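Everything below concerns the one structure shown next.
What you are looking at is a predicted structure, and each value in this text was computed from that prediction instead of being measured.
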Amino acid sequence: MGNRGMEELIPLVNRLQDALGGVGQTCSLHLPQIAVVGGQSAGKSSVLENFVGRDFLPRGSGIVTRRPLILQLLTSNTEYGEFLHCKGKKFTDFDDICGEIETETQRLTGINKGISPIPINLRIYSPHVLNLTLVDLPGITKVPVGDQPADIEYQIRDMIMQYICKENCLILAVTPANTDLATSDALKLAKDVDPQGQRTIGVITKLDLMDKGTDALEILENRLLPLRRGYIGVVNRSQKDIDGKKDIKAALLAEEQFFQSHPAYRHMAARMGTPYLQKMLNQQLTNHIRDTLPAFRCHLQNQLLTLNKEAEEYRQYGPDDAGRRTKILLKSIQHLAVDFEKLIEGSGDKVDTNNLSGGARINRIFHECFPYELIKLELDEQKLRREITYAIRNIHGVRTGLFTPDLAFEAIVKKQISRLNGPCMKLIDMVSQELLTTVHQCINKLNSFPKLRDETEKIVTTEIREQESKCRDQVLLLIDVQLAYINTKHEDFVGFTNAQQTHNQSTKKIAAGMVGNQAVTPLSSLIIIRKGWLTISNISIMKGGAKEYWFILTAESLSWFKDDEEKEKKYMLPLDNLKLRDTEKGFMSSKFAFAIFNTELRNVYKDYKYLELACNSQEELDSWKASLLRAGVYPEKVTVDGQGNGAPENFTDPQLERQVETIRNLVDSYMSIIYKTIRDLMPKTIMHLIINSVKEFISSELLAQLYALGECSALMDESPEQQQHREEVLRKHAALKEALSVIGEISTSTCSTPLPPPVDSSWIQPTSPSLPRKSAPGGRLVVRGHAPPVPQMTTHIAPTASVTTDGLKQHRSQPHRAPPSVPKRVPPSIPNVK
């Protein structure tokens with residue numbers, strides 16, 4: 001009965017299939033199988049029935065096997081069948097098994113000769129079988145008959161390929177002896193997916209139906225049309241025997257007598273017939289399983305390791321255990337506090353490499369968005385001078401002033417300070433919204449307990465709103481403090497005495513100090529402020545259309561290159577007299593754009609009045625705007641007076657003009673101090689009153705407020721999804737342990753048989769013509785012509801056998817013969833059939 005140690009491996013694989021079947025597709029593995037492939041009426045069903053020793057497969061004309069049949073043969077003291085779709089139901093009558101196969105086939109495929117790739121799983125327990133796992137596939141057909149669909153050939157080929165293309169599937173290619181082996185469809189399909197022949201076994205059926213005077217000895221001895229694993233001949237029952245209810249035992253006995261009495265096969269009778277085929281298949285499958293199981297073990301162990309911690313927690317969880325619920329509540333809130341702090345303060349754990357989140361986004365709001373909002377408050381030159389003029393005139397009244405009134409300076413400064421209210425409140429709103437997003441991201445981990453999640457989110461959100469209100473009051477107080485006293489003795493204030501000397505100071509340098517880390521623009525034009533990809537959107541299609549370039553922004557220029565290697569510079573644009581404006585996002589565009597233009601109405605780039613630049617996200621857009629501000633490129637301002645026109649003020653009094661210039665310089669100097677102070681104090685105020693307070697609240701007070709609700713037990717009620725997930729994890733964990741236990745039972749004393757050496761299988765061609773046959777004088781089958789030479793694929797050239805025209809065999813070795821060029825064979829395409 002073969003190697004006992006190896007035969008015991010295959011029941012373990014069947015147990016492994018059962019264990020893995022309980023965890024669904026997430027743990028599915030392509031277990032080793034033997035697929036039976038052949039044409040219609042090739043004898044596939046008879047081979048399978050001989051293994052079992054019973055009639056149990058449907059028979060009829062045309063295509064009968066219309067769904068794959070996964071047949072597991074298991075040695076047992078009793079004989080019965082069991083279907084996976086009828087688990088627990090034993091079929092002791094094999095006629096009932098045949099009827100169940102037909103019923104289950106028609107349930108999915110109907111009665112219109114259609115096919116389905118969904119397999120039928122059948123186990124046969126019998127004392128008369130060896131342990132094998134086989135897949136019976138529909139017979140290969142080319143011409144549809146009756147109600148068969150027109151594309152039946154492609155449907156069947158597609159189904160067969162789904163099974164035999166797997167590297168761990170052994171192919172049992174069944175071919176009748178009374179047909180031309182060189183044109184066997186089964187061998188052609190096997191060659192497509194297994195060109196080296198490492199997993200293809202040839203089976204020759206209907207040896208008793210060959211013409212008298214002919215035999216298949218050279219084929220069975222693997223000397224003519226060789227396969228790497230060779231051929232095994234079998235003799236099945238004829239249709240007359242089946243109709244006459246000939247016993248399979250009697251058929252196996254008749255098969256044995258045939259090989260022992262046949263003059264051509266008697267010397268190899270021990271290596272022919274169904275029993276030897278069973279043993280060989282069992283040996284090959286065992287070898288394959290033995291080679292594959294280590295990878296299975298590694299894969300299952302990795303899955304088990306990932307589930308161990310979670311399964312242990314679920315195993316200890318008792319839905320009605322109050323103590324366990326309290327412990328989980330404490331751990332959940334502790335994890336929430338830790339996760340929130342990591343997102344705000346930053347952490348090396350699970351770093352998001354795709355988007356900014358938590359503290360990084362708040363940092364961007366502090367140092368990019370807020371300075372940009374402040375710079376938008378800057379009044380243009382004409383409007384500032386007009387307001388100073390009106391203030392001076394209104395203070396003097398009917399009198400003509402001899403000196404510059406400090407009240408005009410104070411009025412203008414207070415008006416500018418009051419305008420800080422808007423950007424500061426917007427900053428608080430942006431930070432609060434980002435904080436809510438961060439909290440929501442952390443609280444989502446409590447989805448297993450919906451009530452706890454909802455109550456926690458409600459309590460923390462209320463706390464954020466309360467701290468936000470306190471912060472607003474504090475910021476308003478901060479602005480009021482600045483309005484309460486104008487400190488003209490500040491060390492950075494230019495003062496009245498120096499105002500005239502600094503009237504030519506550049507507005508650009510003052511504003512650059514507001515948004516940069518230093519109050520002075522870098523002197524070197526080599527200092528790089530920002531690099532990145534931008535798309536020039538407004539170039540016409542005739543000139544190449546929108547294209548992405550690598551941009552480099554310095555304190556003096558904006559340059560762009562072909563790519564980030566910075567070797568091929570396309571253009572360098574000086575920043576003098578440049579400003580930027582927002583552009584509307586296109587209806588079909590996913591880009592975020594802004595435009596750069598020259599205030600003196602000159603062309604910015606070639607014949608373009610402006611340059612429209614686009615990036616992929618709002619964050620990138622805001623970051624580029626902030627970088628341009630640091631470089632001195634500011635947003636466009638719309639200049640209008642109270643009457644709606646932008647006409648400049650015409651000075652007729654030189655003394656008034658000097659007073660306006662003096663106050664303008666004083667306002668610029670003092671507001672630079674205010675802006676610097678606000679940029680410094682606002683992040684500190686928000687961090688103290690909102691972010692740190694919320695962080696401390698979650699760490700120390702959240703749990704107390706949850707307990708104060710008085711419904712701690714109800715808070716820990718699991719959601720239905722969590723219950724299902726917990727059960728699935730525990731079931732999967734148990735199945736993985738069972739699978740590893742099954743693998744662990746494999747005896748280390750077992751051994752594998754070596755793979756046969758390569759042979760010349762180049763005779764299998766997609767469109768090989770039929771070779772003429774004739775009887776040789778010795779009664780042997782003779783094929784005219786030599787088999788095609790082997791392509792040069794290995795370093796060793798095996799001896800080849802040839803047949804001369806007079807039927808005499810010659811055996812020679814040609815180690816120095818250069819093989820002809822053999823093109824690489826591409827498997828034929830198979831259309832997707834729906």
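- Panel note: side chain Ser669, backbone Asn665; no donor-acceptor pair is recorded below 3.5 Å.
- Under a 3.5 Å cut-off, the side chain of Thr599 and the backbone N or O of Asn577 do form a donor-acceptor pair.
- The six-membered or imidazole ring of Tyr571 lies near that of Tyr605, with a centre-to-centre distance under 6.0 Å.
- Although no hydrogens or angles enter the test, the distance criterion places no donor-acceptor pair under 3.5 Å between the side chain of Thr461 and the main chain of Lys458.
- Taking Asn447 as the reference, Arg453 meet the side-chain hydrogen bond (donor to acceptor under 3.5 Å, both in side chains) condition, with sequence neighbours excluded.
- With sequence neighbours excluded, the residues satisfying side-chain hydrogen bond (donor to acceptor under 3.5 Å, both in side chains) with Gln618 are Asp622.
- Between Pro371 and Leu629, the closest side-chain pair of non-hydrogen atoms is not below 4.5 Å.
- Checked by atom type and distance alone, the side chain of Thr554 never pairs as donor or acceptor with a backbone atom of Ile528 at under 3.5 Å.
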Q | Phe561/Glu568 under side-chain contact (heavy atoms from CB on, under 4.5 Å): CA gap, chis, key distance, verdict | A | CA-CA 6 Å; Phe561 297 79; Glu568 184 179 342; 5.8 Å; no

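- A ring-centre distance under 6.0 Å is not found for Trp550 and Trp560.
- Geometrically, Arg581 engages Phe597 in a cation-pi contact defined by less than 6.0 Å to the ring centre and at most 45° from the axis.
- A salt bridge between Lys625 and Asp582 is present, with a side-chain N of the basic residue lying under 4.0 Å from a carboxylate O of the acidic one.
- Interatomic distance, Cys369 SG to Lys426 NZ, rounded to the nearest 0.5 Å: 8.5 Å.
- Here the closest heavy-atom approach between residue Gln303 and residue Leu736 is recorded as OE1-CD2, 3.5 Å.
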Intermediate values then yes/no, side-chain contact (heavy atoms from CB on, under 4.5 Å), Lys531 and Glu566
CA-CA 11 Å; Lys531 293 183 178 182; Glu566 301 178 12; 3.0 Å; yes

Go through Cys615 and Lys591 one step at a time and tell me if the side-chain contact (heavy atoms from CB on, under 4.5 Å) criterion holds.
-> CA-CA 6 Å; Cys615 45; Lys591 299 281 188 177; over 6 Å; no

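- The environment of His490 atom NE2 is dense: over 12 non-hydrogen atoms of other residues, nucleotides or ligands sit within 6.0 angstrom.
- The shortest distance between side-chain heavy atoms of Glu463 and Ile459 does not fall below 4.5 Å.
- Remark: Leu611 CG to Asn598 CG distance equals 12.0 Å, nearest 0.5 Å.
- Contact of the Glu455 side chain with the Leu706 side chain is registered, since non-hydrogen atoms from C-beta on lie closer than 4.5 Å.
- Side-chain polar atoms of Glu701 and Gln705 form no donor-acceptor pair below 3.5 angstrom.
- The local environment of CE in Met572 is sparse, with at most 12 non-hydrogen atoms from other residues, nucleotides or ligands closer than 6.0 Å.
- Within the 3.5 Å criterion, the main-chain N or O of Leu553 finds no donor-acceptor partner in the side chain of Ser557.
- Side chain of Thr456 to main chain of Ile443: no donor-acceptor pair is present (N/O by atom type, distance under 3.5 Å, no hydrogens or angles).
- Ile412 has its side chain out of reach of Leu666: every pair of non-hydrogen atoms, C-beta onward, lies at least 4.5 Å apart.
- With rounding to the nearest 0.5 Å, the separation of CD1 in Ile464 from CG in Leu435 is 4.5 Å.
- Of the charged side-chain nitrogens involved, at least one lies within less than 4.0 Å of a carboxylate oxygen, so that Glu468 and Arg465 count as a salt-bridged pair.
- Gln482 places none of its side-chain heavy atoms less than 4.5 Å from the side chain of Lys414.
- The main-chain N or O of Asn487 is found under 3.5 Å from a side-chain atom of Tyr670 such that the two form a donor-acceptor pair.
- Rounded to the nearest 0.5 angstrom, Thr437 OG1 and Arg361 CZ are separated by 7.5 Å.
- Heavy atoms from other residues, nucleotides or ligands lying under 6.0 Å from NZ of Lys570 number more than 12.
- Side-chain contact between Phe594 and Ile596 is present, with at least one heavy-atom pair separated by less than 4.5 Å.
- Heavy-atom minimum distance, Leu446 versus Ser332: CD2-CB, 3.7 Å.
- Rounding to the nearest 0.5 Å gives a distance of 5.5 Å between CE of Met425 and CD1 of Ile479.
- A donor-acceptor pair is defined here as one N or O able to donate and one able to accept, closer than 3.5 Å; no such pair exists between the side chain of Ser623 and the backbone of Glu619.
- In this structure, Leu575 and Ala631 approach most closely via the heavy-atom pair CD1-CB, 3.6 Å.
- The neighbour count for Phe697 CZ, taken as heavy atoms of other residues, nucleotides or ligands under 6.0 Å away, is above 12.
- Within the 6.0 Å centre-distance limit, the rings of Phe493 and Phe409 are counted as a close aromatic pair.
- We find that Lys732 and Glu728 are not joined by a salt bridge, their nearest charged nitrogen and carboxylate oxygen being 4.0 Å or further apart.
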Criterion side-chain contact (heavy atoms from CB on, under 4.5 Å) on Ile375 and Tyr634, from CA distance to verdict
CA-CA 8 Å; Ile375 201 66; Tyr634 308 118; 3.9 Å; yes

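- One distance of note links CG of Leu307 with CG of Asn302; it measures 11.0 Å at 0.5 Å rounding.
- Taking every heavy atom of both residues into account, Cys424 and Val475 meet most closely at CB-CG1, 3.6 Å.
- At a threshold of 4.0 Å, the pair Asp680-Lys684 counts as salt-bridged, since one of the basic side-chain nitrogens sits closer than that to a carboxylate oxygen.
- Using a 4.5 Å cut-off on side-chain heavy atoms (C-beta onward), Tyr549 and Leu613 make no contact.
- Heavy atoms only, all atoms of each residue included: Ile486 and Glu410 are closest at CG1-CG, 3.8 Å.
- Taking Lys737 as the reference, nothing meets the salt bridge (charged side-chain N to carboxylate O under 4.0 Å, His left out) condition, with sequence neighbours excluded.
- Residues Pro423 and Phe370 share a closest heavy-atom pair of O-CE1, 3.7 Å.
- Contact annotation: the side chain of Phe366 approaches that of Met687 to within less than 4.5 Å [non-hydrogen atoms, C-beta and beyond].
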